[in-house]
Protein chains: 2
Amino acid sequence: MTQSPNRRMGRPRAVTEQAILDAALSQLDTGGAASVSVRGIAAQLGIAPNAVYTYFPNKAAVLRALVERFLGEVNHDRFADRQMPWRERVEALALELRTRLVAHPGAVHLLLGGPMDGPNALMLRESLAGVLADAGATADDAARASYVLVVYVLGAIALEVAGLDHADLTESERITTRRATLDTISTTTYPRTTSTAATVAKYFTTEQFLWGLTHILNGLAPTPEAPAR
Amino acid sequence: MTQSPNRRMGRPRAVTEQAILDAALSQLDTGGAASVSVRGIAAQLGIAPNAVYTYFPNKAAVLRALVERFLGEVNHDRFADRQMPWRERVEALALELRTRLVAHPGAVHLLLGGPMDGPNALMLRESLAGVLADAGATADDAARASYVLVVYVLGAIALEVAGLDHADLTESERITTRRATLDTISTTTYPRTTSTAATVAKYFTTEQFLWGLTHILNGLAPTPEAPAR
DNA sequence: TGACTTTCTGTACGACGTACATATTGTGGA
DNA sequence: TCCACAATATGTACGTCGTACAGAAAGTCA
């Protein structure tokens with residue numbers, strides 16, 4: 001995938017791996033996860049579709065690399081500050097993850113689709129477990145609690161964006177007349193408009209998200225200053 | 001989709017909607033969510049591919065109906081018993097959901113992909129909120145807490161099945177990255193056993209699942225007998 | 001300059017969802 | 001009894017997808 005920098009022979013590359021990931025992310029944001037295609041990426045970059053396969057072995061690898069880059073962009077500094085209370089550190093991480101994922105709703109399914117075992121994914125879990133360990137949890141409990149937190153954050157956002165897609169999809173799929181005409185809807189294009197209702201739902205789910213997170217942290221921490229056990 | 005029973009004229013149907021869903025579920029179980037195809041369903045039933053469109057307007061409708069049927073098969077009796085403690089009732093529901101979803105791993109993505117607004121999905125959430133309300137929570141808190149529980153159950157199983165199917169992906173770079181990252185990170189963080197049998201990981205995650213559920217219930221219930229607030 | 005290496009492109013195949021026209025098959029009214 | 005009709009199945013076709021394969025471009029180095 002990545003060539004060694006010492007080796008420089010042959011025809012120069014027309015694009016970069018990052019440009020491919022940028023194009024993929026662009027398609028992800030505009031059309032949803034289903035509309036990310038190798039051909040679309042290539043068209044956006046002005047190269048032949050199969051030229052992508054010199055950078056990544058297949059489409060799944062592109063999506064995995066996109067997830068990895070996404071997780072690598074998460075700012076660790078905020079919740080790596082050991083001066084802050086551990087609850088605030090965890091909440092900072094959760095909120096940052098949520099903010100980034102809501103900005104790219106299609107990425108949630110990619111996160112939940114793969115096994116999340118890339119370097120950045122593991123480092124993120126490691127950091128999260130470190131926060132809990134700093135607060136006094138055993139290594140085992142910290143690992144378990146970090147898993148619970150990851151599950152909650154990803155699950156909550158997955159359900160949230162699934163509900164947001166509802167407004168877009170029902171309009172097209174409620175037209176259930178047999179042999180419905182194709183000119184009314186094109187299944188490949190989503191409008192994804194930001195209406196006021198979506199905004200309201202967004203803020204509501206933010207509150208709901210924090211409510212759940214707070215109560216989960218309560219459950220993970222029997223005493224106010226320390227997490228589980 | 002469903003014809004009225006009074007109206008019976010025309011050529012009789014060759015199959016039933018349930019048979020189509022059965023075929024779809026079969027494909028889902030054998031090949032994963034990605035390998036469910038209209039053509040495959042039709043081939044399995046011995047009909048032409050486009051004959052499916054007599055029963056459902058499109059493929060997405062088939063999958064939605066499959067999810068709805070799946071949720072409808074969840075046994076409500078176990079956790080509708082008001083004699084049992086509310087924690088046991090919730091745990092019974094969560095474990096039943098988990099058991100069913102682990103039996104059909106591909107269904108998890110379908111559940112998280114859609115907005116979960118079908119009748120059975122709503123009834124399930126309502127039943128769950130009812131349990132919490134029975135235990136003394138306000139209607140608002142019961143709704144919020146049920147949301148948290150749904151998020152946890154679905155998210156946990158999604159991550160679990162995502163970790164299980166690491167075999168279908170290209171192994172070349174996956175193994176290298178995993179080894180590289182696992183060496184740098186302490187094994188106590190998250191012991192994802194690759195060499196051991198799937199049953200071991202399965203039981204481990206079952207235990208992990210219950211651990212998280214217990215602690216979340218602790219957080220939702222400040223006092224041992226009542227959930228949030 | 002010419003061999004070599006890497007990358008890009010042209011072309012092609014099979015699978016997919018599904019629209020359209022047409023054939024098939026049962027039923028109720030004549 | 002027969003025929004028009006309605007509901008369903010099929011034949012065919014189009015556009016899109018991922019991606020495999022062979023060959024053409026475009027640099028570097030001897």
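Hydrogens, waters and symmetry mates are skipped; everything else that's a heavy atom, side chains included, is used. Naming convention: chains lettered A, B, ... in sequence-line order (proteins, then strands); numbering from 1 in each chain. Model, not experiment: these values are computed from the prediction.
- Rounded to a whole Å, the CE atom of B:M9 is 10 Å from the P atom of C:dT27.
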Check the pair B:F79, B:V131 against side-chain contact (heavy atoms from CB on, under 4.5 Å), reporting the backbone distance first and the verdict last. CA-CA 8 Å; B:F79 85 111; B:V131 173; 3.5 Å; yes

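- Here the C1' atom of nucleotide C:dA15 and the CD atom of B:Q27 are 13 Å apart, to the nearest Å.
- We find that A:D22 and A:R69 are joined by a salt bridge, their nearest charged nitrogen and carboxylate oxygen being less than 4.0 Å apart.
- The aromatic rings of B:F209 and B:Y152 sit parallel to each other, their planes meeting at less than 30°, with 60° as the upper class boundary.
- In this structure, CG of B:L45 is placed 13 Å from C1' of D:dA9, rounded to the nearest angstrom.
- At least one cation-pi condition fails for B:R125 and B:Y147: the charged atom is not both under 6.0 angstrom from the six-membered ring centre and inside a 45 degree cone around its axis.
- Summary of the strand contacts: A:A48 and B:P49 both lie near DNA chain C, and taking for each the nucleotide with the nearest heavy atom, the more 5' one is attributed to A:A48.
- For the pair A:R13 CZ and C:dT5 P, the computed distance is 17 Å after rounding to whole Å.
- At whole-Å resolution of the value, OH in A:Y53 and P in C:dT9 are 15 Å apart.
- Nucleic acid contact for A:V36: sugar-phosphate only, since backbone atoms but no base atoms lie under 4.0 Å from a heavy atom of the residue.
- Under the 3.5 Å distance criterion, with hydrogens and angles disregarded, no donor-acceptor pair is assigned to the side chains of A:R13 and A:T54.
- A:S26 and A:Q44 share a side-chain donor-acceptor pair at under 3.5 Å.
- Atom CG of B:N58 is separated from atom P of C:dC16 by 17 Å (rounded to the nearest Å).
- One can place CZ of A:R11 at 6 Å from P of C:dC8, the figure rounded to the nearest angstrom.
- Here A:R39 pairs with nothing under the salt bridge (Lys or Arg N to Asp or Glu O under 4.0 Å) rule; sequence neighbours left out.
- Between A:S37 and D:dC17, a side-chain N or O to OP1/OP2 separation shorter than 4.0 Å is present.
- Residue order along DNA chain C, read from the 5' end via each residue's closest nucleotide, puts B:S35 first among B:P12 and B:S35.
- The residue A:A14 sits close only to the backbone: its heavy atoms come under 4.0 Å of sugar-phosphate atoms, none of a base.
- Rounded to a whole Å, the CZ atom of A:F56 is 15 Å from the C1' atom of C:dT7.
- In the set C:dT18, D:dC17, C:dT7, the nucleotide with an atom closest to the side chain of B:K59 is C:dT18.
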I'd like a list of close polar pairs between nucleotides 11-13 of chain C and the protein, N/O only, cut-off under 3.5 Å.
none

